[in-house]
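Each remark here refers to the structure printed beneath this line.
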Amino acid sequence: MPELPDVECFKMYLDDTSLHQEIVATEVPDPGILDGISARPFQMCLQGESMEATSRHGKFLFVHLKSPPCLVLHFGMTGYLDYARSNELPKHARVVFRFAGNGRLAYVCQRKLGRVTITDDREAFLQSHQLGPDALDEQLTDRGLAERFAGRRSAIKSAMMDQSMLAGVGNIYADEILFQAGIAPHRRVFELDDQAWRTIFRAMHRVLQTAIRKGAEVSRFPPTYLLRRRGQDGPCPKCNRQLKTTRLGGRRTCFCPHCQQ
DNA sequence: AGCACTGTTGGATA
DNA sequence: ATATCCAACAGTGC
């Protein structure tokens with residue numbers, strides 16, 4: 001479920017495997033994954049190019065080529081990258097970049113909810129997709145966050161997941177951040193005071209950075225993390241009482257009624 | 001066999 | 001303007 005930490009790890013993976021190699025061919029086994037461009041012109045854009053640098057905003061990964069436009073990857077809920085030197089492709093490979101020297105990078109997406117496209121202008125792309133600031137943007141402060149959310153009536157969890165408010169947090173990490181902050185997911189935005197915003201903001205940073213450091217692998221997360229027990233309706237990792245699973249805004253939501261108020 | 005569920009986005013609807 | 005709901009997608013489990 002690629003959210004900010006997962007995409008950050010994909011970015012590092014791409015940086016480690018795929019930079020500065022000439023793209024000799026691009027295969028698009030499933031053109032439906034392309035957004036606003038058909039296979040032929042997409043392939044033309046990449047022919048002879050090379051991936052020179054990457055950047056991330058929220059759940060979007062931008063791959064800057066030797067010359068514009070720039071490649072944009074979104075992973076939906078099942079997308080990931082796979083680099084190898086072999087001819088075999090993983091199941092559900094939707095786009096494959098072949099490099100000089102036998103390497104290839106596959107964009108894999110089982111459920112086809114992800115999208116691949118290109119853009120000449122990264123900032124314009126962010127604007128047109130109405131993306132809020134990245135959750136780890138260094139310019140972002142707890143006050144800035146509170147101000148962006150001001151006037152909203154929705155539950156804090158739904159607000160955090162709104163990519164036009166804040167980019168990068170999804171269903172999974174929203175649960176973890178609110179658990180670490182000790183704030184109940186159904187609390188309304190307007191009920192939160194400065195203290196609560198500060199707590200949420202700090203928890204957000206701590207959780208996202210910890211997740212990145214652990215390669216976004218839940219099994220490596222600290223034992224006090226909710227995600228390790230999520231979905232099992234087991235005991236709370238902090239107070240040992242029963243966790244609760246409900247629905248909020250149509251999304252599965254897991255929290256501890258005792259630790260989160 | 002058929003349905004619910006999974007999580008993300010975007011478009012429709014209230 | 002904001003909030004909620006559903007479709008799209010593929011696979012799994014009941």
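Values in this document were obtained by computation on a predicted structure and should not be read as measured data. Protein chains get the first letters and strands the later ones, always in sequence-line order, with residue 1 at the start of each. Quick note: numbers below take in every heavy atom, side chains included, and nothing from hydrogens, waters or symmetry partners.
Atom CZ of A:F125 is separated from atom CD1 of A:I118 by 11.0 Å, given to the nearest 0.5 angstrom. One distance of note links CZ of A:F10 with OG1 of A:T54; it measures 13.0 Å at 0.5 Å rounding. With rounding to the nearest 0.5 angstrom, the CG atom of A:L89 is 11.5 Å from the CZ atom of A:R94.
A 4.5 Å side-chain heavy-atom check between A:I156 and A:E191 finds every atom pair outside the cut-off.
Contact between the side-chain N/O atoms of A:R252 and the OP1/OP2 oxygens of B:dT6 is found at a separation under 4.0 Å. Put simply, A:R251 has a side-chain N or O that comes within less than 4.0 Å of OP1 or OP2 on B:dT8. For A:R247 and B:dT6, the shortest distance from a side-chain N or O to OP1 or OP2 is below 4.0 Å.
Other residues, nucleotides and ligands place no more than 12 heavy atoms under 6.0 Å from the CG atom of A:N102. Within 6.0 Å of the NZ atom in A:K238, the count of heavy atoms belonging to other residues, nucleotides or ligands exceeds 12. Counting heavy atoms of neighbouring residues, nucleotides and ligands inside a 6.0 Å radius, atom CZ of A:R220 exceeds 12 of them.
The interatomic distance linking A:K59 (NZ) with B:dT8 (P) rounds to 4 Å, in whole Å. Counting to the nearest Å, the C1' atom of B:dT8 and the CG atom of A:L248 are 16 Å from each other.
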Are A:F75 and A:Y107 close enough, and set up right, to give a ring-ring contact (aromatic ring centres under 6.0 Å, His included), and what steps lead you there?
-> CA-CA 9 Å; A:F75 298 92; A:Y107 167 91; 5.7 Å; yes

Candidate pair A:Q209 and A:L136, rule side-chain contact (heavy atoms from CB on, under 4.5 Å), full reasoning = CA-CA 9 Å; A:Q209 270 156 359; A:L136 289 182; 4.2 Å; yes

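Of all the residues in residues 154-191 of chain A, A:S154 reach under 4.0 Å from DNA chain C with at least one non-hydrogen atom.
The existence of a salt bridge linking A:R198 and A:D194 is excluded, since no basic side-chain nitrogen approaches an acidic carboxylate oxygen closer than 4.0 Å.
Looking at A:Q43 and A:Q47, their side chains never bring a donor and an acceptor atom within 3.5 Å of each other.
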What one-letter contact string describes nucleotides 9-14 of chain C from 5' to 3', where B marks a base within less than 4.0 Å of any protein heavy atom, S marks contact via sugar-phosphate atoms alone, and - marks no contact?
-> BBS---

Every protein N/O lying under 3.5 Å from an N/O of nucleotides 10-14 of chain B:
residue, atom, partner, partner atom, Å
B:dG10, OP1, A:H129, ND1, 3.3

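Nucleic acid contact class of A:R115 (heavy atoms, under 4.0 Å, all strands): none. Nucleic acid contact for A:G76: sugar-phosphate only, since backbone atoms but no base atoms lie under 4.0 Å from a heavy atom of the residue.
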